Undergrad: 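Handing you a structure now.
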Amino acid sequence: MFADVYQCRIGILLPVCLALLILLSTCCAELAAILCQQLAYCMQYLIPSLYAGMLICQWMVSAGGLHLLQRMMSRFGVNGALLGVYLLSQIAGYPIGALLLCKMRYDGQITGTEAKQYATVCFGAGPSFPVGLAGAQLLHSPKAGWLLFLCCLIANAVLAAVMLRKAWCTPTEWIEAPQQSVVSTLVTSAQHTLESLWQITATVLLFGVICFVCDAVGVTHLLQTVGGCFGVSPVITKALLYTLCDITNLPKLCSAGIPYHILLPLLAAYCTFGGICVHCQCLTLGEGCVSLGRLLLTRVVAALLAALICSLLLPFFPPPASMDVFSNQPVVSKTGSLLPALLIFCTGFPLFSKKDWTN
């Protein structure tokens, strides 16, 4: 029976892959332009903004920071390891929570079932996306970015308090921190950070291909037609769909002409949800510690809660007079140097050899 199912799956998959290969080969010029744009965006904005936070968090873990927090909080009856992972996930950005939970499971501190439960709330945007990208670069208002970050934090904190109310008081098995030199832990952290960034960049490029295929076969046009039935313009519908797939498409959403009082709660919801691309990154980096269905459901609830909180706080954060979010022109500046990201990757190449460079 399983052999029949497998053969049926292969029989469907092969024609689909062949059709996609023909389509992408025919439109290779258009696809190449899109992927170059995606790669430039990753190199110019995404990688430099994520590298520092991910490196610091990796170094804190490698140096025994979670073990120290676990020892301190155990005196108060609090699960210090879970608290540390949760706090780091809110500060450092989306994939960190899944990555740290995977390490805890590997060390035997938690089970696979517990990791999948914790991964639904150990998930945060960090300040990079809401403040740095959405607020400062897109809306030209760091204050609005901090509002988005605050809404994400509150929504995640509410869900964490409700869903993990028993886990906070359940101590995990004590694992002695490995004894390594400062240089060794720093080099190891840099290596792991660069490997994670390569995976994130690859996933962003993958979703660039997926969006291109949806445009080419008419799926996007069909959804735009459906959106038009509800009074939503094709530009806004496409921006909503693209950002739902990949959170790095926030510039398209901010330049779609959405009014400020609707745009800001919408951005809070998207930053809290994270996008399908981010969920796939967590699924990959988590290595069996993330349940995609449970993660999607929880993030939808968190996104709705963040949008509600943002709507309630919006009167205290009026738009600046200079804000231009109603035009259909790209908001992100086209200028900028790719040198920081290139240097980061070039520095990391020797680390991929797994050689111990501390000797």
Side-chain angles (χ1 to χ4, degrees), residues 38 41-42 45-47 49-50 53-54 57 85-102 116-135 138 145 148-160 163 196-197 199-208 210-211 239-254 264-286 289-310:
Q38 292 284 97
Y41 180 85
C42 290
Y45 296 104
L46 189 63
I47 294 169
S49 65
L50 292 181
M54 293 181 67
C57 291
V85 172
Y86 174 77
L87 292 177
L88 289 177
S89 68
Q90 303 304 305
I91 297 173
Y94 297 114
I96 288 297
L99 200 62
L100 296 180
L101 289 172
C102 181
K116 292 179 181 179
Q117 180 186 7
Y118 301 162
T120 59
V121 294
C122 293
F123 182 100
S128 299
F129 272 98
V131 181
L133 179 61
L138 300 180
L148 297 176
F149 184 47
L150 178 63
C151 294
C152 296
L153 289 179
I154 296 176
N156 290 330
V158 170
L159 286 182
M163 298 181 62
S196 300
L197 285 173
Q199 294 178 0
I200 291 173
T201 303
T203 312
V204 171
L205 294 177
L206 169 64
F207 273 79
I210 293 175
C211 291
L240 292 173
L241 293 173
Y242 272 38
T243 311
L244 181 66
C245 290
D246 186 358
I247 191 66
T248 60
N249 286 309
L250 279 180
K252 293 182 175 64
L253 190 63
C254 291
L264 215 59
L266 196 59
L267 289 176
Y270 271 106
C271 288
T272 306
F273 179 73
I276 306 299
C277 179
V278 169
H279 297 163
C280 292
Q281 294 169 16
C282 293
L283 195 66
T284 302
L285 298 177
C289 295
V290 179
S291 172
L292 185 58
R294 183 183 296 182
L295 179 63
L296 284 172
L297 179 61
T298 306
R299 299 328 302 169
V300 168
V301 175
L304 295 175
L305 183 58
L308 175 62
I309 296 171
C310 186

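Residue numbers start at 1 and run along the sequence shown. Not measured: the values here are computed from a predicted model.
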Undergrad: Tell me the closest heavy-atom pair linking Q90 and P127, and the distance in Å.
TA: O-CD, 4.5 Å
Undergrad: Starting at OG1 of T120, measure out to CG of L297 and round the result to the nearest 0.5 Å.
TA: 9.5 Å
Undergrad: Looking at SG of C271 and CG of L266, how far apart are the two atoms once the value is rounded to the nearest 0.5 Å?
TA: 10.0 Å
Undergrad: What closest approach, in Å, do R299 and T272 show between heavy atoms, and which atom pair accounts for it?
TA: NH2-O, 3.1 Å
Undergrad: State the CG-SG distance between L241 and C211, to the nearest 0.5 angstrom.
TA: 8.5 Å
Undergrad: Would you indicate whether the side-chain heavy atoms of L148 and V131 approach each other to under 4.5 Å?
TA: no
Undergrad: Which pair of heavy atoms, one from N156 and one from F123, lies closest together, and at what distance?
TA: ND2-O, 3.2 Å
Undergrad: I'd like to know whether L244 forms a side chain to side chain contact (heavy atoms under 4.5 Å, CB included) with L240, so could you lay out the CA-CA distance, the side-chain angles of the two residues, the decisive distance to 0.1 Å, and finally the verdict.
TA: CA-CA 6 Å; L244 181 66; L240 292 173; over 6 Å; no
Undergrad: Quick one: pull up CG in L100 and SG in C122 and give me the separation to the nearest 0.5 Å.
TA: 8.5 Å
Undergrad: Kindly give the heavy-atom pair with the smallest separation between N249 and Q38, and that separation in Å.
TA: OD1-OE1, 4.2 Å
Undergrad: Would you indicate whether the side-chain heavy atoms of L305 and I154 approach each other to under 4.5 Å?
TA: no
Undergrad: Is any side-chain heavy atom of Y270 less than 4.5 Å from a side-chain heavy atom of L253?
TA: yes
Undergrad: How long is the span from the CG atom in D246 to the OH atom in Y242, to the nearest 0.5 Å?
TA: 11.0 Å
Undergrad: Please check: side-chain N/O of Y86 versus main-chain N/O of Y118, any donor-acceptor pairing under 3.5 Å?
TA: no
Undergrad: According to side chain to side chain donor-acceptor pair (under 3.5 Å), who are the partners of K116, at least two apart in sequence or on a separate chain?
TA: none
Undergrad: Considering all heavy atoms of both residues, which atom of C282 and which atom of A98 are nearest to each other, and what is their separation?
TA: O-CB, 3.7 Å
Undergrad: Of all heavy-atom pairs between I309 and A155, which one has the smallest distance, and what is that distance?
TA: CD1-N, 4.0 Å
Undergrad: Any heavy-atom pair between the side chains of F273 and I247 that's under 4.5 Å?
TA: no
Undergrad: Supply the atom-to-atom distance T201 OG1 to L205 CG, rounded to the nearest 0.5 angstrom.
TA: 7.0 Å
Undergrad: Would you mind reporting whether L267 and C310 have side-chain heavy atoms less than 4.5 Å apart?
TA: no
